[in-house]
There are 2 protein chains.
Amino acid sequence: MKRRNFAHRPGCAVEATLDLIDGKWKGVILYHLQSGTQRFGELRRLMPGITQRMLTKQLRALEDDRLIIRTVYAEVPPRVEYRLSETGESLRPVIDILKAWGEKHRERLSCGPDPDMVPLPDRAA
Amino acid sequence: MKRRNFAHRPGCAVEATLDLIDGKWKGVILYHLQSGTQRFGELRRLMPGITQRMLTKQLRALEDDRLIIRTVYAEVPPRVEYRLSETGESLRPVIDILKAWGEKHRERLSCGPDPDMVPLPDRAA
DNA sequence: CCCAATAGTATCCAAACAGGGACTAATTCC
DNA sequence: GGAATTAGTCCCTGTTTGGATACTATTGGG
(Lines give C-alpha, C1' and ligand atoms only; values in the text may rest on other atoms or scores of the structure.)
Protein backbone atom coordinates (compact mmCIF):
# COMPACT_ATOMS: atom_id res chain seq x y z
CA MET A 1 0.00 0.00 0.00
CA LYS A 2 1.40 3.32 -0.98
CA ARG A 3 2.27 6.09 1.36
CA ARG A 4 -0.69 8.29 2.05
CA ASN A 5 -1.06 11.73 3.45
CA PHE A 6 -3.10 11.56 6.58
CA ALA A 7 -3.99 15.16 6.82
CA HIS A 8 -7.66 14.71 7.35
CA ARG A 9 -10.16 13.36 9.80
CA PRO A 10 -10.43 11.41 12.95
CA GLY A 11 -9.49 7.80 12.52
CA CYS A 12 -6.28 8.99 11.03
CA ALA A 13 -4.26 7.28 13.71
CA VAL A 14 -5.95 3.96 13.02
CA GLU A 15 -5.38 4.37 9.33
CA ALA A 16 -1.75 5.33 9.74
CA THR A 17 -0.91 2.38 11.95
CA LEU A 18 -2.72 -0.02 9.71
CA ASP A 19 -0.80 1.39 6.81
CA LEU A 20 2.44 0.16 8.36
CA ILE A 21 1.42 -3.40 9.03
CA ASP A 22 -1.11 -4.23 6.39
CA GLY A 23 -0.80 -6.28 3.30
CA LYS A 24 -0.57 -9.98 3.35
CA TRP A 25 2.81 -10.33 4.99
CA LYS A 26 4.08 -7.42 6.99
CA GLY A 27 2.30 -8.26 10.22
CA VAL A 28 3.49 -11.83 10.01
CA ILE A 29 7.07 -10.79 9.38
CA LEU A 30 6.98 -8.51 12.38
CA TYR A 31 5.54 -11.33 14.40
CA HIS A 32 8.35 -13.66 13.49
CA LEU A 33 10.98 -11.05 14.20
CA GLN A 34 9.59 -10.70 17.69
CA SER A 35 11.34 -13.92 18.60
CA GLY A 36 14.67 -12.42 17.59
CA THR A 37 16.97 -11.72 14.71
CA GLN A 38 16.30 -13.82 11.63
CA ARG A 39 18.11 -14.34 8.38
CA PHE A 40 16.39 -13.99 5.06
CA GLY A 41 16.21 -17.72 4.50
CA GLU A 42 14.92 -18.36 7.98
CA LEU A 43 12.05 -15.99 7.44
CA ARG A 44 11.30 -17.64 4.17
CA ARG A 45 11.10 -21.02 5.83
CA LEU A 46 8.84 -19.61 8.51
CA MET A 47 6.43 -18.37 5.87
CA PRO A 48 6.07 -21.18 3.37
CA GLY A 49 3.62 -19.29 1.21
CA ILE A 50 5.76 -16.27 0.45
CA THR A 51 7.96 -15.90 -2.59
CA GLN A 52 11.46 -14.50 -2.47
CA ARG A 53 10.37 -11.47 -4.35
CA MET A 54 7.55 -10.65 -1.99
CA LEU A 55 9.67 -11.28 1.07
CA THR A 56 12.28 -8.90 -0.26
CA LYS A 57 9.69 -6.29 -1.08
CA GLN A 58 7.98 -6.45 2.26
CA LEU A 59 11.26 -6.37 4.15
CA ARG A 60 12.29 -3.31 2.19
CA ALA A 61 9.01 -1.62 2.97
CA LEU A 62 9.37 -2.36 6.66
CA GLU A 63 12.92 -1.09 6.54
CA ASP A 64 11.81 2.11 4.84
CA ASP A 65 9.29 2.58 7.62
CA ARG A 66 12.10 2.08 10.17
CA LEU A 67 10.36 -0.84 11.77
CA ILE A 68 13.17 -3.28 11.09
CA ILE A 69 16.93 -3.09 10.71
CA ARG A 70 18.80 -4.89 7.99
CA THR A 71 22.40 -5.90 8.51
CA VAL A 72 24.51 -7.27 5.67
CA TYR A 73 27.62 -9.32 6.38
CA ALA A 74 30.20 -9.34 3.63
CA GLU A 75 30.54 -13.07 3.48
CA VAL A 76 30.10 -15.81 1.00
CA PRO A 77 27.53 -17.19 0.91
CA PRO A 78 25.86 -13.92 1.79
CA ARG A 79 24.33 -13.38 5.18
CA VAL A 80 21.72 -10.76 5.90
CA GLU A 81 20.06 -10.41 9.23
CA TYR A 82 16.83 -8.69 10.08
CA ARG A 83 15.73 -7.52 13.47
CA LEU A 84 13.16 -5.18 14.95
CA SER A 85 14.11 -1.57 15.46
CA GLU A 86 13.05 0.18 18.60
CA THR A 87 9.96 1.39 16.81
CA GLY A 88 9.31 -2.11 15.58
CA GLU A 89 9.62 -3.38 19.12
CA SER A 90 7.04 -0.86 20.22
CA LEU A 91 4.56 -2.58 17.93
CA ARG A 92 4.84 -5.74 19.98
CA PRO A 93 1.63 -5.17 21.95
CA VAL A 94 -0.17 -4.41 18.71
CA ILE A 95 0.95 -7.64 17.08
CA ASP A 96 0.22 -9.51 20.27
CA ILE A 97 -3.33 -8.33 20.40
CA LEU A 98 -3.86 -9.20 16.75
CA LYS A 99 -2.58 -12.66 17.50
CA ALA A 100 -4.69 -13.01 20.62
CA TRP A 101 -7.83 -11.95 18.82
CA GLY A 102 -7.12 -14.28 15.94
CA GLU A 103 -6.67 -17.20 18.25
CA LYS A 104 -9.80 -16.44 20.16
CA HIS A 105 -11.87 -16.26 17.00
CA ARG A 106 -10.04 -19.00 15.20
CA GLU A 107 -13.19 -20.83 14.28
CA ARG A 108 -14.55 -17.82 12.41
CA LEU A 109 -11.43 -17.44 10.37
CA SER A 110 -11.59 -20.44 8.12
CA CYS A 111 -8.73 -21.88 10.09
CA GLY A 112 -11.27 -24.65 10.28
CA PRO A 113 -14.89 -25.20 9.37
CA ASP A 114 -17.41 -23.30 11.45
CA PRO A 115 -20.56 -25.36 11.96
CA ASP A 116 -22.36 -22.34 13.38
CA MET A 117 -21.92 -20.41 10.18
CA VAL A 118 -25.34 -19.36 8.98
CA PRO A 119 -26.02 -17.89 5.55
CA LEU A 120 -26.51 -14.15 5.46
CA PRO A 121 -30.04 -12.84 5.12
CA ASP A 122 -30.98 -11.55 1.71
CA ARG A 123 -29.41 -8.20 1.10
CA ALA A 124 -32.25 -6.78 -0.95
CA ALA A 125 -34.03 -3.75 0.42
CA MET B 1 -7.68 -8.63 0.19
CA LYS B 2 -9.10 -11.92 -0.85
CA ARG B 3 -10.11 -14.70 1.43
CA ARG B 4 -7.27 -17.02 2.20
CA ASN B 5 -6.99 -20.42 3.71
CA PHE B 6 -4.94 -20.21 6.82
CA ALA B 7 -2.96 -23.29 7.53
CA HIS B 8 -2.08 -23.84 11.13
CA ARG B 9 1.34 -22.37 10.91
CA PRO B 10 2.65 -19.89 13.38
CA GLY B 11 1.63 -16.40 12.51
CA CYS B 12 -1.67 -17.64 11.20
CA ALA B 13 -3.60 -15.83 13.88
CA VAL B 14 -1.87 -12.56 13.11
CA GLU B 15 -2.45 -13.02 9.42
CA ALA B 16 -6.08 -13.95 9.84
CA THR B 17 -6.89 -10.98 12.04
CA LEU B 18 -5.08 -8.59 9.77
CA ASP B 19 -7.01 -10.02 6.89
CA LEU B 20 -10.23 -8.79 8.44
CA ILE B 21 -9.21 -5.22 9.11
CA ASP B 22 -6.65 -4.36 6.50
CA GLY B 23 -6.96 -2.37 3.39
CA LYS B 24 -7.24 1.32 3.38
CA TRP B 25 -10.62 1.66 5.00
CA LYS B 26 -11.88 -1.24 7.01
CA GLY B 27 -10.11 -0.37 10.21
CA VAL B 28 -11.32 3.19 9.95
CA ILE B 29 -14.91 2.11 9.32
CA LEU B 30 -14.82 -0.13 12.36
CA TYR B 31 -13.38 2.72 14.35
CA HIS B 32 -16.22 5.03 13.41
CA LEU B 33 -18.83 2.41 14.14
CA GLN B 34 -17.43 2.11 17.63
CA SER B 35 -19.20 5.32 18.50
CA GLY B 36 -22.50 3.79 17.52
CA THR B 37 -24.81 3.04 14.63
CA GLN B 38 -24.15 5.10 11.52
CA ARG B 39 -25.95 5.55 8.28
CA PHE B 40 -24.23 5.17 4.95
CA GLY B 41 -24.08 8.88 4.35
CA GLU B 42 -22.79 9.59 7.83
CA LEU B 43 -19.91 7.23 7.33
CA ARG B 44 -19.18 8.85 4.03
CA ARG B 45 -19.01 12.25 5.66
CA LEU B 46 -16.75 10.89 8.37
CA MET B 47 -14.32 9.64 5.74
CA PRO B 48 -14.01 12.42 3.20
CA GLY B 49 -11.49 10.54 1.11
CA ILE B 50 -13.61 7.50 0.36
CA THR B 51 -15.80 7.10 -2.69
CA GLN B 52 -19.28 5.67 -2.56
CA ARG B 53 -18.16 2.67 -4.46
CA MET B 54 -15.33 1.87 -2.09
CA LEU B 55 -17.45 2.47 0.98
CA THR B 56 -20.04 0.07 -0.35
CA LYS B 57 -17.45 -2.55 -1.12
CA GLN B 58 -15.75 -2.31 2.23
CA LEU B 59 -19.04 -2.42 4.11
CA ARG B 60 -20.04 -5.51 2.17
CA ALA B 61 -16.73 -7.15 3.01
CA LEU B 62 -17.16 -6.37 6.69
CA GLU B 63 -20.68 -7.67 6.58
CA ASP B 64 -19.55 -10.87 4.92
CA ASP B 65 -17.03 -11.29 7.70
CA ARG B 66 -19.85 -10.78 10.24
CA LEU B 67 -18.14 -7.83 11.81
CA ILE B 68 -20.96 -5.41 11.10
CA ILE B 69 -24.70 -5.64 10.73
CA ARG B 70 -26.61 -3.88 7.99
CA THR B 71 -30.20 -2.90 8.50
CA VAL B 72 -32.34 -1.59 5.66
CA TYR B 73 -35.44 0.47 6.35
CA ALA B 74 -38.02 0.47 3.62
CA GLU B 75 -38.37 4.23 3.45
CA VAL B 76 -37.94 6.98 0.97
CA PRO B 77 -35.38 8.34 0.84
CA PRO B 78 -33.71 5.06 1.71
CA ARG B 79 -32.18 4.52 5.09
CA VAL B 80 -29.56 1.92 5.81
CA GLU B 81 -27.87 1.63 9.14
CA TYR B 82 -24.64 -0.05 10.02
CA ARG B 83 -23.53 -1.16 13.44
CA LEU B 84 -20.98 -3.47 14.95
CA SER B 85 -21.91 -7.08 15.49
CA GLU B 86 -20.83 -8.77 18.67
CA THR B 87 -17.73 -9.98 16.90
CA GLY B 88 -17.10 -6.49 15.62
CA GLU B 89 -17.42 -5.16 19.13
CA SER B 90 -14.84 -7.67 20.28
CA LEU B 91 -12.36 -5.96 17.98
CA ARG B 92 -12.63 -2.77 19.98
CA PRO B 93 -9.42 -3.31 21.95
CA VAL B 94 -7.63 -4.11 18.71
CA ILE B 95 -8.75 -0.90 17.04
CA ASP B 96 -8.03 1.01 20.21
CA ILE B 97 -4.47 -0.15 20.33
CA LEU B 98 -3.95 0.66 16.68
CA LYS B 99 -5.23 4.13 17.38
CA ALA B 100 -3.11 4.51 20.49
CA TRP B 101 0.03 3.43 18.71
CA GLY B 102 -0.68 5.71 15.80
CA GLU B 103 -1.13 8.66 18.11
CA LYS B 104 2.00 7.90 20.03
CA HIS B 105 4.06 7.75 16.88
CA ARG B 106 2.23 10.51 15.16
CA GLU B 107 5.35 12.43 14.25
CA ARG B 108 6.72 9.43 12.36
CA LEU B 109 3.55 9.13 10.38
CA SER B 110 3.42 12.52 8.73
CA CYS B 111 0.10 12.85 10.38
CA GLY B 112 -1.20 16.23 11.32
CA PRO B 113 -2.90 17.01 14.59
CA ASP B 114 -6.13 15.16 15.14
CA PRO B 115 -9.02 17.60 15.50
CA ASP B 116 -10.90 14.97 17.46
CA MET B 117 -8.12 14.71 19.93
CA VAL B 118 -9.52 15.48 23.32
CA PRO B 119 -7.45 15.09 26.44
CA LEU B 120 -8.63 12.21 28.52
CA PRO B 121 -9.82 12.92 32.02
CA ASP B 122 -6.99 12.07 34.32
CA ARG B 123 -7.60 8.54 35.40
CA ALA B 124 -4.20 8.03 36.95
CA ALA B 125 -3.85 7.12 40.61
C1' DC C 1 34.71 -29.23 -13.30
C1' DC C 2 30.29 -29.18 -11.26
C1' DC C 3 27.21 -28.57 -7.67
C1' DA C 4 25.12 -26.52 -3.64
C1' DA C 5 24.10 -22.62 -0.77
C1' DT C 6 22.57 -17.60 0.05
C1' DA C 7 20.21 -13.46 -0.86
C1' DG C 8 18.73 -11.54 -3.71
C1' DT C 9 17.15 -9.33 -9.24
C1' DA C 10 14.74 -9.28 -13.68
C1' DT C 11 10.90 -10.07 -16.35
C1' DC C 12 6.33 -11.11 -17.16
C1' DC C 13 1.60 -11.63 -15.83
C1' DA C 14 -3.03 -11.71 -13.41
C1' DA C 15 -6.02 -10.11 -10.00
C1' DA C 16 -7.35 -6.84 -6.65
C1' DC C 17 -7.63 -2.19 -5.23
C1' DA C 18 -8.87 2.53 -5.94
C1' DG C 19 -11.02 6.46 -8.02
C1' DG C 20 -14.06 9.44 -11.32
C1' DG C 21 -18.31 10.30 -13.14
C1' DA C 22 -22.80 9.25 -14.61
C1' DC C 23 -27.06 7.11 -13.47
C1' DT C 24 -31.32 5.37 -10.62
C1' DA C 25 -35.95 5.38 -7.73
C1' DA C 26 -39.41 7.25 -4.71
C1' DT C 27 -40.77 10.89 -2.22
C1' DT C 28 -40.99 15.52 -0.15
C1' DC C 29 -40.27 20.38 -0.40
C1' DC C 30 -40.54 24.74 -2.94
C1' DG D 1 -42.87 21.25 -12.56
C1' DG D 2 -38.23 20.95 -10.79
C1' DA D 3 -34.79 20.21 -7.15
C1' DA D 4 -33.03 17.75 -3.43
C1' DT D 5 -32.28 13.60 -0.87
C1' DT D 6 -30.40 8.63 -0.07
C1' DA D 7 -27.94 4.52 -0.91
C1' DG D 8 -26.49 2.63 -3.91
C1' DT D 9 -24.93 0.54 -9.10
C1' DC D 10 -22.43 0.67 -13.56
C1' DC D 11 -18.63 1.58 -16.63
C1' DC D 12 -14.05 2.96 -17.46
C1' DT D 13 -9.47 3.84 -16.10
C1' DG D 14 -4.95 3.47 -13.77
C1' DT D 15 -2.18 1.67 -9.86
C1' DT D 16 -0.70 -1.76 -6.57
C1' DT D 17 -0.20 -6.27 -4.99
C1' DG D 18 1.08 -10.78 -5.40
C1' DG D 19 3.04 -14.66 -7.78
C1' DA D 20 5.98 -17.82 -11.23
C1' DT D 21 10.03 -18.48 -13.19
C1' DA D 22 14.60 -17.74 -14.41
C1' DC D 23 18.86 -15.68 -13.45
C1' DT D 24 23.07 -13.62 -10.84
C1' DA D 25 27.62 -13.69 -7.86
C1' DT D 26 30.84 -15.96 -4.90
C1' DT D 27 33.09 -19.69 -2.82
C1' DG D 28 33.74 -24.26 -0.54
C1' DG D 29 33.39 -29.17 -1.19
C1' DG D 30 33.70 -33.49 -3.93
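First the proteins, then the strands, lettered A, B, ... as listed; each starts at 1.
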Seminar exercise, completed: Of all heavy-atom pairs linking A/I29 and A/L59, the shortest is CG2-CD2, 3.9 Å

Exercise. CG of A/L43 versus P of C/dG8: gap in Å, rounded?
Worked result: 10 Å

Problem set entry | Candidate pair B/T56 and B/R60, rule side chain to side chain contact (heavy atoms under 4.5 Å, CB included), full reasoning | CA-CA 6 Å; B/T56 302; B/R60 291 288 188 278; 4.1 Å; yes

Exercise. Rounded to the nearest Å, what distance is computed from the CH2 atom of residue B/W25 to the P atom of nucleotide C/dA18?
Worked result: 8 Å

For this session: Give a yes/no answer on whether the side chain of A/R39 brings an N or O atom under 4.0 Å of OP1 or OP2 in C/dG8.
Result: no

Problem set entry | A/S90: side chain to side chain donor-acceptor pair (under 3.5 Å) partners, not counting sequence neighbours | B/W101, B/H105

For this session: May I have the distance from B/M54 (atom CE) to D/dT16 (atom P), rounded to whole angstrom?
Result: 14 Å

For this session: Looking at every strand, decide which applies to A/E42 at a 4.0 Å heavy-atom threshold: base, sugar-phosphate, or nothing.
Result: nothing

Distance-only donor-acceptor pairs under 3.5 Å for side chains of residues 34-42 of chain B, two or more places apart:
{"unit_1": "B/S35", "atom_1": "OG", "unit_2": "B/H32", "atom_2": "O", "d": "2.8"}
{"unit_1": "B/R39", "atom_1": "NH2", "unit_2": "B/P78", "atom_2": "O", "d": "3.3"}
{"unit_1": "B/E42", "atom_1": "OE1", "unit_2": "B/R39", "atom_2": "N", "d": "2.6"}

Exercise. Should A/V80 and A/M47 be regarded as members of a common hydrophobic cluster, given that ILVMFWY residues are connected when their side-chain heavy atoms come within less than 4.5 Å of each other, either directly or indirectly?
Worked result: yes

Exercise. Restricting to pairs with a member in residues 67-76 of chain A, which pass side chain to side chain donor-acceptor pair (under 3.5 Å), not counting sequence neighbours?
Worked result: A/R70-A/Y82, A/Y73-A/E81, A/E75-A/R79

Seminar exercise, completed: In whole angstroms, the gap separating C1' of C/dT9 from CZ of A/R44 amounts to 14 Å

Seminar exercise, completed: Separation of C/dT6 atom C1' from A/Q38 atom CD, nearest Å, is 16 Å

Output a table of nitrogen or oxygen pairs between the protein and nucleotides 24-30 of chain D separated by less than 3.5 Å.
none

Exercise. Rounded to the nearest 0.5 Å, how far does CD1 of B/I50 lie from CG of B/L55?
Worked result: 4.5 Å

Problem set entry | By salt bridge (Lys or Arg N to Asp or Glu O under 4.0 Å) - contacts of A/E63 (at least two apart) | none

Problem set entry | Nearest non-hydrogen partners of A/T87 and A/R66, listed with the distance | CB-O, 3.8 Å

For this session: Report the distance from atom CZ of B/R45 to atom C1' of D/dG8, rounded to the nearest whole Å.
Result: 15 Å

Exercise. Rounded to the Å, how far apart are B/L59 CG and D/dA7 P?
Worked result: 11 Å

For this session: Could you tell me whether B/Y73 contacts a base, only the sugar-phosphate backbone, or nothing, with contacts defined as non-hydrogen atoms closer than 4.0 Å?
Result: nothing

Polar atoms only, N or O, under 3.5 Å: list the protein pairs with nucleotides 9-12 of chain D and their distances.
{"unit_1": "D/dT9", "atom_1": "OP1", "unit_2": "B/R60", "atom_2": "NH2", "d": "3.4"}

For this session: Starting from C1' on C/dA18, measure out to CG on B/L55 and report it in whole angstrom.
Result: 13 Å

